[in-house]
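Keep in mind it's a predicted model, so treat the numbers as computed, not measured. Values reported hereafter were calculated over all heavy atoms of this structure, with side chains retained and with hydrogens, waters and symmetry mates removed.
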Amino acid sequence: MFCYQCQETACGTGCRKMGVCGKNPEVAALQDLLIHIVKSIADIVVKENIKIESINEINKSVVKSMFMTITNANFDPDAIENQIRKMAGIRDSFCRSGDMEPINDADRESLVRMAEKVGVLSTENEDIRSLREMITYGLKGLCAYCEHAYNLGFEDNAIYQFIYEALAKVDDDNLGEDDLVALSMKTGEMGVKTMALLDKANTETYGNPEMTKVKIGVGQRAGILVSGHDLNDMEMLLEQVKDEDVDVYTHSEMLPAHYYPKFKKYKNLVGNYGNAWWKQTEEFKKFNGPILFTTNCIVPPRDESVRKRIFTTGAAGFPGCRHIEENENGYKDFSEIIEMAKTSNPPEELESGEIVGGFAHAQVFALADKIVDAVKTGAIRKFIVMGGCDGRMKSRNYYEEFAKKLPKDCVILTAGCAKYRYNKLNLGDINGIPRVLDAGQCNDSYSLAVIALKLKEIFELQDINELPIAYNIAWYEQKAVIVLLALLSLGVKNIHLGPTLPGFLSPNVTNVLVENFGITGISQVDKDLEMMIQTS
């Protein structure tokens, strides 16, 4: 196998024997083959000028296929093989057999052998490979956000059209480095468009997030723990469990569900349990009740008793865990999860107290006068964007230390699970403005961009980089890649990216990003603080 799509890839260069994430070589190969077949479909759609609106179900299948290959999403070889056969059938329905032997009659071993010919290393030129993979990973993140939007009934054919065009171009041998750099920026531009669509889907469905205190203790009743990112799944579960003697807790990236007005009507949505995704192997043992993964962020469970309590749905999957499929109307029956919860013990308490969030763009705009006044008077010297992902590496302690040492006249803007490094610290406020403004999930990085653009307008600046904002972003997987490309497409420069730079960036591609956008890594906290506070 060879995979280097996540930040924790082995030695920072690539997993070759077993994925650090836990996926085995068979799963890695099947994911490579699935991506290859999706690219073949995209090539046909583009070359034959097939109208996007005429293949709506195929659009959704392409998006789901991409989502299934995101880090920590799907470890189930059966599920991935089934998707391969489904997508190969779609490809063949266009009367194209593709550039490999027929899929339908191939066994698992044959599929893995096919994958060896089309994996990451099939592109020999290091720089071309680097750019192709950066675009592909960005598209994976874009597709994840696209799926969340269409789950709520919001679609944009222009986004689907771009997905096909980009997938068709990315392996085109006629495209050189400059062409692929341009495609990377276009991918970022469409990432902004997709996150805007998802923001519209979320806010029109559930209302604008508002400042909210979320309990992090536990109650006396048994509970269901919901992880991942899909708010539509969360709503369906809450509707089905609302009259039961069962509590529901959010976990990791599902925390921002508490911020939406519509979810506040569910009295048994009682709090958030635990921390970022990587701590789940220990924390899930203590929860006692069933756990639902609506998307990625699965850590392979070591304990069989925990595995028996894990359910997956959508693009997520893990061998031995029950998967909840939707029916033809998009409805998912979570009764098995609810019945298990009724026979479970209440969760063990990990911590107590509250955390505060809900500072997406609408809530921040409501505080605009306060914020602008604080900036003009010097009460707020700098905003530090510390969004992105959390992870297992000890080097990520940097972000907690950075937050603790940040001068008291600086405010953190965050989104994504990176916030778990500092959202439970008592950092206080500035004139009533909390010093950690949590916009929500990783896709809500869009809110941070909207806030920056609004401040640029208010202060009548010509360039977004003239704002008193520094960017110290942590990354882990492919949704972080599309967020990064989105920020670059908006003209944001001098982003500090850590805890390490992506392994998929070749030295020459890294130089392009440094020279054109000022991207750099992180170093020591004190040194970085001085640089970001004084010069950005």
Show your reasoning for whether salt bridge (Lys or Arg N to Asp or Glu O under 4.0 Å) applies to D173 and R132.
CA-CA 11 Å; D173 290 331; R132 285 178 172 179; 2.8 Å; yes
Taking the side chain as everything from C-beta on, heavy atoms only, tell me whether [X] gets closer than 4.5 Å to [Y].
| X | Y | value |
| --- | --- | --- |
| L484 | I519 | yes |
| N275 | K424 | yes |
| T212 | Y260 | no |
| V63 | M66 | no |

Identified side chain to side chain contact (heavy atoms under 4.5 Å, CB included) partner of R435 from the options L427, L425, N426, I384:
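Among L427, L425, N426, I384, the one meeting side chain to side chain contact (heavy atoms under 4.5 Å, CB included) with R435 is L427.
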Main chain of [Y], side chain of [X]: is a donor-acceptor contact present, judged purely on distance under 3.5 Å?
| X | Y | value |
| --- | --- | --- |
| Y4 | V120 | no |
| H36 | A115 | no |
| R129 | T123 | yes |

Are V299 and F284 close enough, and set up right, to give a side-chain contact (heavy atoms from CB on, under 4.5 Å), and what steps lead you there?
CA-CA 11 Å; V299 176; F284 283 4; over 6 Å; no
So, applying side chain to side chain donor-acceptor pair (under 3.5 Å) with N151, which one of D233, N232, D230 is it?
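That would be D230.
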Within 6.0 Å of [atom1] in [X], more than 12 heavy atoms from elsewhere:
| X | atom1 | value |
| --- | --- | --- |
| D178 | CG | no |
| M211 | CE | no |
| R302 | CZ | no |

As an exercise, state the distance from CD1 of I451 to CG of L467, rounded to the nearest 0.5 Å.
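The distance works out to 11.5 Å.
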